[in-house]
Protein chains: 2
Amino acid sequence: MSMKRKYHHGALKEALIEAALELLAEGGPAALSLSEAAKRVGVTAAAPYRHFASRDELLNEVARRGFLSFAAALEKGWDEGRPDAATAMWRMSAAYLAFARAEPGLYAAMFGSAASLAAEASADAADHALEILWRSVVAFLQLRGVSAQGARKLALQVWALAHGVAMLAVSGHLDAAKGLDPDPVLDTAIRNLMEAAVRRAESAAGPR
Amino acid sequence: MSMKRKYHHGALKEALIEAALELLAEGGPAALSLSEAAKRVGVTAAAPYRHFASRDELLNEVARRGFLSFAAALEKGWDEGRPDAATAMWRMSAAYLAFARAEPGLYAAMFGSAASLAAEASADAADHALEILWRSVVAFLQLRGVSAQGARKLALQVWALAHGVAMLAVSGHLDAAKGLDPDPVLDTAIRNLMEAAVRRAESAAGPR
DNA sequence: ACCTGAACACCGTTCAAGT
DNA sequence: ACCTGAACACCGTTCAAGT
């Protein structure tokens, strides 16, 4: 009756990815072991090499998928800018933080590769996330009636801010510092960034 | 004449830390191996255990020292706020980025531990870095003649911003996105953050 | 007190062999 | 085509011995 041990044909690749997500959740990127994933899935340590050229390739694939669900989470938070760009942007930044805090291991795998992994494939996925931020910044500027010039740069600043808060929150540097809740910290910072950008655009447009 | 192989008494611990820094520079945190450090220094793989209880403890010690020189770099950039807080703050943020870009491996070891390492000892060192940021934020607000209330929160936002830009720059997400130079991105973002904070404080103080 | 040598478990990776 | 078994190098860690 047990329908388990039939990885001898089909779903090994998917099963390994699932196991990798578990390992990531349990102990972060350092705990992602190809052997352990194979063991949990019921195959030999050599079996994964039919589907992944190396441990890093597994990690890359997991990170790539992480970026996909990350982008989906942002998109959902943005919700096409309803009811207005400002509110939606706040909701999206909360979704950003929520993702990182819910899956710190995955988030670390997505961004923690540092210089060790080029991760060309996941770069596209990351760019997709940036594009969502960019669209929301453009919408926000339009709502405020100013030029969307420099929106890309502004989107990068918002991203950096969210990323920084997320990292500090996950690594405990935030709570340790002052028992501060990451959400309002990120929220007011983004507001300030956007307000300053709007003012700058206004004074550039109407220098009466 | 070769004064090398006399690790049989004194400087093993220091030598291991130096080797660890090399490994970090070469391949990031993942490349920091206790065995390899021992080999480079000319001792057995078991020797380090007289000085460090585990690999993680070595990494922790290196990270702790990293925070020390990091704080020193920020302090030097700040230079007691000369000639004015605004200029000094810009210089300090440039020093922040320069540190991360000069030693990405070390920087990753300092912050990349994510949830895996509590790193209580290095938490103090990190707090010291935050304190420098905090002092500069206070000085900036004083220069602009507004209350320093909420300076800690603002300092955290500045930190998150700098950290985010540094990480994105190091991991290549920034250049890949648009060929943008990280320095002006961080600089204008911090300016915007500070300007918005000043305006908020002004409107709160003088509601005529 | 500080280090070596030998040992064990674990991991990444390869390859010849099985089905 | 997909997986097992055996093998190798490497790493973290422990411990009994050496000096």
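Each chain gets a letter, A, B and so on, in the order the sequences are listed, and its residues count up from 1.
Counting only Watson-Crick or G-U wobble pairs whose defining distances are both under 3.5 Å, the stems of 3 or more consecutive pairs in DNA chain D are C:4-8 with D:12-16, C:12-16 with D:4-8.
Side-chain atoms of B/Glu103 do not come within 3.5 Å of backbone N or O of B/Ala25 as any donor-acceptor pair. Using a distance-only test at 3.5 Å, with no hydrogens or angles considered, no donor-acceptor pair links the side chain of A/Arg191 to the main chain of A/Trp90. Judged by distance alone, with hydrogens and angles left aside, the side-chain atoms of B/Ser33 form a donor-acceptor pair with the main-chain N or O of B/Ser35 at under 3.5 Å.
The 12-atom threshold is not exceeded at CH2 of A/Trp134, counting heavy atoms of other residues, nucleotides or ligands nearer than 6.0 Å.
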Would you tabulate the nitrogen or oxygen pairs shorter than 3.5 Å linking the protein to nucleotides 9-12 of chain D?
unit_1	atom_1	unit_2	atom_2	d
D/dG12	OP1	B/Leu34	N	3.2
D/dG12	OP2	B/Ser33	OG	3.2
D/dG12	OP2	B/Leu34	N	3.0
D/dG12	OP2	B/Ser35	N	2.9
D/dG12	OP2	B/Ser35	OG	2.8

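A/Ser147 contributes atom OG, which lies 9.5 Å from atom CD of A/Gln142 (distance to the nearest 0.5 angstrom).
Contact annotation: B/His51 side-chain N/O to C/dA1 OP1/OP2 distance is not under 4.0 Å.
With rounding to whole Å, B/Glu57 atom CD is found 14 Å from D/dT13 atom C1'.
Among the nucleotides D/dG5, C/dA6, C/dC3, the one closest to the side chain of B/Leu12 is C/dC3. Distances from the side chain of A/Arg50 to the nucleotides C/dG5, C/dC3, D/dC2 place D/dC2 closest.
The closest side-chain heavy-atom distance from B/Leu161 to B/Tyr96 is not below 4.5 Å.
A salt bridge does not link A/Arg40 with A/Glu18: every distance from a Lys NZ or Arg NE/NH1/NH2 to an Asp or Glu carboxylate oxygen is 4.0 Å or more. A salt bridge links B/Arg65 and B/Glu14; the closest N-O separation between the charged side-chain nitrogens and carboxylate oxygens is under 4.0 Å.
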